[in-house]
Number of protein chains: 2
Amino acid sequence: MQIAEVLQKLEQGARRLTPQREVIIRLFAEHPGRHLSAEEVHALVKEEASEIGLATVYRTLELLTELGILQRINFGDGRARYELNQEEPHRHHHLVCMRCGRVEEYGEDLLDSLEGRILEERGFKVLDHELKFYGLCRSCQKAQGHH
Amino acid sequence: MQIAEVLQKLEQGARRLTPQREVIIRLFAEHPGRHLSAEEVHALVKEEASEIGLATVYRTLELLTELGILQRINFGDGRARYELNQEEPHRHHHLVCMRCGRVEEYGEDLLDSLEGRILEERGFKVLDHELKFYGLCRSCQKAQGHH
DNA sequence: CTAGATGCAAAAAGTTTGCATAAGA
DNA sequence: TCTTATGCAAACTTTTTGCATCTAG
C-alpha cells in the first residue's frame, strides 16, 4: 500500500495524519509478514525512541482497520493481531503451528469460485473470508519425533 | 456424540464425570447449531435450576476442548465460543453476518485435498482448519437495500 | 481414602472510555 | 480557530488462579 493511498483513505474519513499514526503505519510497512498485536506495536514504537500511549495505539489500530488499511486477525491467543490489508486479488491464508505458535502465510486463494456458489445456494453475500490451517510446522514435526 | 463416547474420553484423560460436567455436555447436545460462550453456558445452566460456578464453567469448557468433545471458535466478538465437535467427515464452516451477527452453518468441507498439498509443498502438517465467510445474510441484504 | 473437582474471591490480561490538554488543517 | 487526537488513569470485560472445601471413584 502506498503512502499516498493511506493519506487518501484518511482524508475520506476526515481524519488527520498525526505523527503517531504515521509511525504505526510505517511500522507495519517495515514488518511485512508479521502479525502484530497492540502490545507489540506499542513496544516496537518504544524501540524507535518514540513513545505512543497504549490507548492511542488501540484507537489507531481500530481506525486503520475501519479504513481498510489494516486487517484484524484472531489466532486464538487471546489478543487481536493486525497486518497490512492485502489488495483484493492477493488475499492469503495462514498456517498456524499449534506447538510453537508461529504463523506462516499461504499464498493462494482458492475460494473465489466458492463465494458465488454460496450466494446462489444460500442467499448469503460473502464480502470477506478467513481461512486458517492449524497443525505442526516442519521443525515442530521433527521435534515431536525425537523429543 | 454419544454419552458413552464422552465417558470414554473422560476416562482416557483420567477425569471424573461430575454432575457439573454432565449438565454442560447435555446442554450442548440440547442446543445443536448454537455457538455458546462461557457466560451463556453459565446463564443457561442457571435457567435449569442448577447453578455452577463461572470458574468451573471455564475449566470445563477448557477440558472438553482438550478432550476433543467441544470445539472452540472465535467469531471476533471478544469471547470464545464453543460447539460440539463434529466427527471427522462432517466438518462444517461458518457464514458470519457482519450486520446482525448471526452465524449460519455451511455444510461442505472442500479442503481435504488441499491439506495433502500443503504438506507436500510446505512441509506443514495440517491437523485442523477453520474457514469463515463474512458477509450479509439474506435478510440483512434486504434491510440494506431499503433502509 | 485420596487425587482430582468445585466455588469463591481476587488477580490477570486485554481493551475501552472519560476528560483535560495538545495540535493538525 | 476549532475540531479532532493524544495521554493518562480509571473502568470494563473476559479469563485465569489460589486456596479451602468437597466428592467421585
Side-chain angles (χ1 to χ4, degrees), chain A residues 3-4 6-27 35-46 48-67 69-70 72-82 101, chain B residues 3-4 6-27 35-46 48-67 69-70 72-82 101:
Chain A
I3 192 74
V6 171
L7 284 172
Q8 189 200 335
K9 290 200 176 188
L10 281 173
E11 269 178 49
Q12 278 169 14
R15 295 321 196 3
R16 295 173 179 163
L17 181 61
T18 63
Q20 290 90 335
R21 289 173 181 177
E22 209 175 330
V23 165
I24 290 176
I25 293 164
R26 189 160 39 73
L27 203 149
H35 310 94
L36 300 170
S37 67
E39 203 66 60
E40 286 170 350
V41 168
H42 190 231
L44 283 172
V45 167
K46 204 170 282 177
E48 299 196 355
S50 36
E51 156 100 70
I52 303 177
L54 184 54
T56 300
V57 171
Y58 274 103
R59 281 187 282 230
T60 301
L61 294 175
E62 172 70 30
L63 171 71
L64 296 178
T65 301
E66 274 172 27
L67 296 176
I69 296 167
L70 294 182
R72 181 186 273 122
I73 322 173
N74 193 307
F75 290 121
D77 63 348
R79 73 211 65 185
R81 295 183 169 277
Y82 300 81
Chain B
I3 191 75
V6 170
L7 284 174
Q8 191 201 334
K9 290 200 176 187
L10 282 173
E11 269 179 50
Q12 277 168 17
R15 294 324 193 2
R16 296 174 179 164
L17 181 61
T18 63
Q20 290 91 334
R21 289 174 180 176
E22 209 176 330
V23 165
I24 291 176
I25 292 165
R26 188 159 41 72
L27 203 150
H35 310 93
L36 301 170
S37 67
E39 204 66 60
E40 287 170 348
V41 167
H42 191 229
L44 283 173
V45 167
K46 204 171 281 178
E48 298 196 355
S50 35
E51 157 101 70
I52 302 178
L54 184 55
T56 300
V57 171
Y58 273 103
R59 282 187 281 229
T60 301
L61 294 175
E62 172 70 30
L63 171 70
L64 296 177
T65 302
E66 275 173 26
L67 296 177
I69 295 166
L70 294 182
R72 181 188 272 122
I73 321 172
N74 194 307
F75 290 120
D77 63 348
R79 75 211 63 187
R81 294 183 171 277
Y82 300 81

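So that the names make sense, note that chain A is the first sequence line, chain B the second, and so on, each numbered from 1.
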Between CG on residue B:L61 and OH on residue B:Y82, distance to nearest 0.5 Å
5.0 Å
Shortest non-hydrogen separation from B:H35 to B:I73 and the atoms involved
CD2-CD1, 3.9 Å
When the distance from CG of A:L63 to C1' of C:dT15 is rounded to whole Å, what number comes out?
16 Å
Between A:R79 and A:A38, is there a donor-acceptor pair closer than 3.5 Å when you use the side chain of the first and the backbone of the second?
no
Note: A:L36 and A:E40 closest approach over all heavy atoms is CA-OE1, 3.3 Å
In this structure, how many angstroms lie between the P atom of C:dG14 and the CZ atom of A:R72, rounded?
15 Å
Starting from P on C:dT16, measure out to NE2 on A:H42 and report it in whole angstrom.
15 Å
Here the distance between atom P of D:dT15 and atom CG of B:N74, to the nearest Å, is 9 Å
If I compare all heavy atoms of A:E51 with all of A:H42, which pair ends up nearest, and what's the gap?
OE2-NE2, 3.5 Å
When only distance counts, do a donor and an acceptor, one from the side chain of B:R59 and one from the base of C:dG4, lie under 3.5 Å apart?
no
Those stems involving DNA chain D that have three or more consecutive Watson-Crick or G-U pairs, both distances under 3.5 Å, are C:1-25 with D:1-25
Determine the minimum heavy-atom distance between B:R21 and B:L17, stating which atoms define it.
CB-CD1, 4.5 Å
Please enumerate all protein N or O atoms sitting under 3.5 Å from an N or O of nucleotides 12-14 of chain D, with distances to 0.1 Å.
from: D:dT14; atom 1: OP1; to: B:R79; atom 2: NH1; distance (Å): 3.0
from: D:dT14; atom 1: OP1; to: B:R79; atom 2: NH2; distance (Å): 2.8

Backbone N/O of B:A80 and side chain of B:R72: donor-acceptor pair under 3.5 Å:
no
Check nucleotides 22-24 of chain D against the protein and report each pair of N or O atoms closer than 3.5 Å, with its distance, or say if there are none.
from: D:dT23; atom 1: O2; to: B:R16; atom 2: NH1; distance (Å): 3.4

Counting the atoms with a prime plus P, OP1 and OP2 as sugar-phosphate, which does B:R21 contact under 4.0 Å by heavy atoms, base, sugar-phosphate, or nothing?
sugar-phosphate
State the CD1-OG1 distance between B:I52 and B:T18, to the nearest 0.5 angstrom.
7.5 Å
Atom CG of B:L54 and atom C1' of C:dT6: how far apart are they, to the nearest Å?
13 Å
Drop me the distance from B:L54's CG to B:R59's CZ, to the nearest 0.5 angstrom.
10.0 Å
Looking at every strand, decide which applies to A:R15 at a 4.0 Å heavy-atom threshold: base, sugar-phosphate, or nothing.
sugar-phosphate
Salt bridge or not for B:R26 and B:E48, using N-O below 4.0 Å?
yes
If you look at every heavy atom in A:V41 and A:V57, which pair is closest and at what distance?
CG1-CG1, 3.9 Å
Residue-phosphate contact under 4.0 Å: A:Q20 side-chain N/O, D:dG7 OP1/OP2
yes
Would you mind classifying the nucleic acid contact of B:E51 as base, sugar-phosphate or nothing, using non-hydrogen atoms under 4.0 angstrom?
sugar-phosphate
What is the distance from CG of B:L10 to C1' of C:dA5, rounded to the nearest Å?
12 Å
Taking every heavy atom of A:L10 against every heavy atom of A:R16, the minimum-distance pair comes out as CD1-O, 4.3 Å
Scan B:E62 against the nucleic acid and name what it touches under 4.0 Å (heavy atoms): base, sugar-phosphate only, or nothing.
nothing
Mind calculating the distance between CD1 (A:I25) and P (D:dA5) to the nearest angstrom?
13 Å
